[in-house]
Every structure is written in C-alpha cells, then in structure tokens.
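Have a look at the structure below before the remarks.
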Amino acid sequence: MSRPAFPTPPDLASAARLQRELVKGVKLSGDWRHVRRLAALDASIKRGGELVAAAVLWDLDSGMALEAGIARIPAEGVFPYVPGYLSFREAPVYLAALEQLSSPPDALLVDGHGIAHPRGLGIATHLGLHTGLASIGVAKSRLFGEAHSPLSLEAGAAVPLCAADAPLGEPCTKGMQIGWAVRTRSRVKPVYVSPGHRTGIVQALETVLMLPRNTKLPEPLRQAHLWAGRARREGLEGRLVFG
DNA sequence: GCGACAG
DNA sequence: ATCTTGTCGC
C-alpha cells in the first residue's frame with residue numbers, strides 16, 4: 001500500500017501553476033474541538049547532501065511529546081530552495097517522517113507559512129491539502145504580507161498580517177488578513193502564524209497561544225527542531241518513543 | 001532597473 | 001538551512 005506521491009514540478013513556472021490550482025481547495029474553517037494530538041514538523045540539512053526531518057507527536061492534554069518520527073532523503077536531485085516554493089523541497093521528507101509515527105496526528109504544526117504566501121500556498125497549506133489534515137504554519141520570518149499595526153513587547157501580543165496589497169497605514173479588513181505576527185516571548189522577535197488548511201485565522205492564533213512557549217518557537221516545534229538537528233548529526237532514523 | 005526573498 | 005565563540009542578560 002502506497003500513499004499518493006507528492007508531485008514534483010519540472011520548473012518554477014509549472015510549480016506556480018500547480019499552486020494556483022491547488023489553492024482552490026483550501027478550506028479556511030474547521031473544527032478543532034477534537035484535535036488532541038498534533039505533529040510538529042521541522043527539517044535540517046546535511047551539507048554533503050541529505051534532508052533530515054523530524055515529526056514530533058504532541059499531546060495537547062498532557063502538554064508533552066509522545067514520540068518522534070525521523071526520516072532522511074538524499075538531497076541529490078531534490079527541488080532547490082526557492083522562496084515561495086519551499087513545499088516542493090521539504091514536503092516529501094516531512095511526509096516520510098510522518099509515516100514513522102505509530103499513528104497519524106489530528107493536525108499539523110509546520111515550520112513555515114500557511115496561507116501567508118504569494119499564492120496562498122505555503123508549505124503548511126500544501127501539506128494540509130495533501131494529507132487532508134488540519135494544519136497551521138509558524139514561520140520565524142516573514143515571506144509575504146505586512147503587519148501594519150505596531151506589535152507590543154509583551155509575550156502573547158499579536159497583530160494581523162495583511163495581504164501586501166492592503167491600504168498601507170490602515171488596519172486591514174477581514175478578508176485581507178492572512179495571518180498574525182505573534183510575540184511568543186517578551187521582547188523577542190515575533191513569529192508569523194497563518195492557517196494552513198481546515199483552520200480559521202483566529203483558530204490558528206488560539207492554537208499557537210495555547211501551546212507552551214519557553215523560547216521563540218512553540219514547544220512542539222522547538223522539539224522538532226532539536227530532533228531534526230540531532231538526527232542529522234547522529235544519523236538517527238525511524239521512530240523514537242518517549243516516556 | 002532595484003529590492004525582497006519561509007527553509 | 002549552515003558556518004561558529006564568546007558574551008550579554010534574566
């Protein structure tokens with residue numbers, strides 16, 4: 001039994017075409033009431049050429065990681081990194097990491113943008129569409145859109161991230177909002193949160209703010225980052241079960 | 001033509 | 001993302 005392959009476009013033009021087609025299927029609403037476990041995804045790259053990904057299965061009730069799935073893919077021939085096309089490079093190894101988990105998560109938390117993307121199809125959105133799961137994107141830096149209003153320095157503060165074509169200086173109206181700039185920690189540079197798939201704008205923010213935040217990144221993503229790096233350095237693979 | 005540009 | 005030591009601050 002094999003899951004559907006993740007299509008790799010031959011060039012940027014066809015990749016953009018595919019994104020504009022796929023975006024039609026994005027749902028910006030969904031029911032998160034029964035989401036109990038989410039998978040946090042992050043990747044690391046080995047110089048000589050290997051993509052390593054970690055999927056940390058996070059239990060919302062206990063606030064702890066249950067297990068981690070690790071996968072690696074040769075960088076040879078993999079889609080290059082081009083801003084706006086990240087999913088074609090990293091989604092395949094993320095999907096492989098997810099398969100290492102003993103059971104599928106209820107939703108995805110991805111290191112990267114959701115709909116806060118030039119064509120509305122950031123990696124979190126693309127992965128949500130491909131898997132059918134609800135998803136949220138959390139990026140460490142901005143790719144698309146502008147945060148008009150000033151973001152206060154307190155932890156938990158958030159301001160809307162608006163489509164770049166919104167009237168500058170004016171607060172963007174709903175419909176032009178594509179996410180949030182979120183201060184996860186006092187005085188620390190914000191992260192950018194946007195819905196991926198089957199998730200509302202407000203739901204995305206609420207979900208991220210309910211997660212433990214001990215560093216700039218929400219805890220599940222921080223752990224995914226640590227495992228991806230450790231896996232790369234130590235050659236880990238497969239599944240790690242905690243507790 | 002000149003910047004901007006997830007990881 | 002990766003290359004890298006010390007250093008400033010809570």
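These values consider heavy atoms only, across backbone and side chains, with no hydrogens, waters or symmetry-generated copies. Each chain gets a letter, A, B and so on, in the order its sequence line appears, and its residues count up from 1.
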Using the rule for Phe, Tyr, His and the six-membered ring of Trp, do A/Tyr192 and B/dA6 stack at under 5.5 Å and under 30°? no

Among the candidates C/dT2, B/dA6, B/dG7, find the nucleotide nearest to the side-chain atoms of A/Glu90. B/dG7

Expressed as a whole number of angstroms, how long is the span from A/Ile178:CD1 to B/dA6:C1'? 12 Å

Once you round it to whole Å, what is the distance between C1' of C/dA1 and CZ of A/Phe79? 17 Å

Would you classify A/Tyr94 as touching base, sugar-phosphate or nothing, given that sugar-phosphate means primed atoms plus P, OP1 and OP2, and contacts are heavy atoms under 4.0 Å? nothing

Relative to the ring of A/His126, is the ring of A/Phe6 parallel (under 30°), tilted (30 to 60°) or perpendicular (over 60°)? tilted

Indicate whether any N or O donor in one side chain lies under 3.5 Å from an N or O acceptor in the other, for A/Arg119 and A/Gln19. yes

Would you indicate what A/Arg187 reaches in the nucleic acid, counting non-hydrogen atoms under 4.0 angstrom: base, sugar-phosphate, or nothing? nothing

note: A/Leu143, atom CG; B/dC5, atom C1'; distance rounded to Å ~ 7 Å

Supply the atom-to-atom distance A/Glu90 CD to A/Ile123 CD1, rounded to the nearest 0.5 angstrom. 5.0 Å

How many whole angstroms separate atom NE2 of A/His126 from atom P of B/dA6? 19 Å

Would you say C/dT2 has OP1 or OP2 under 4.0 Å from some side-chain N or O of A/Ser44? yes

State which of C/dC3, C/dA1, B/dA4 makes the closest approach to the side chain of A/Arg142. B/dA4

B/dG7, B/dC5, C/dC3: which one has an atom nearest the side-chain heavy atoms of A/Pro83? B/dC5

What integer distance in Å separates A/Asp111:CG from C/dT2:C1'? 15 Å

How long is the line joining CD1 of A/Ile123 and C1' of B/dG7, in whole Å? 8 Å

Just how far, in rounded Å, is P of B/dG7 from CD1 of A/Ile45? 11 Å

Side-chain atoms of A/His113 come closest, of C/dC3, B/dA6, C/dA1, to B/dA6

Figure out the CZ/C1' separation between A/Arg119 and B/dA6, and round it to whole Å. 12 Å

What does A/Gly137 touch in the nucleic acid at a heavy-atom separation under 4.0 angstrom: a base, only the sugar-phosphate, or nothing? nothing

Sort out for me which residue in A/Asp42, A/Thr215, A/Asp111 forms a side chain to side chain donor-acceptor pair (under 3.5 Å) with A/His225. A/Asp42

Any base atoms under 4.0 Å from A/Lys46, or only sugar-phosphate, or nothing? Heavy atoms, all strands. nothing

Under the side-chain contact (heavy atoms from CB on, under 4.5 Å) test against A/Leu221, which residue among A/Val110, A/Leu41, A/Val138 passes? A/Val138

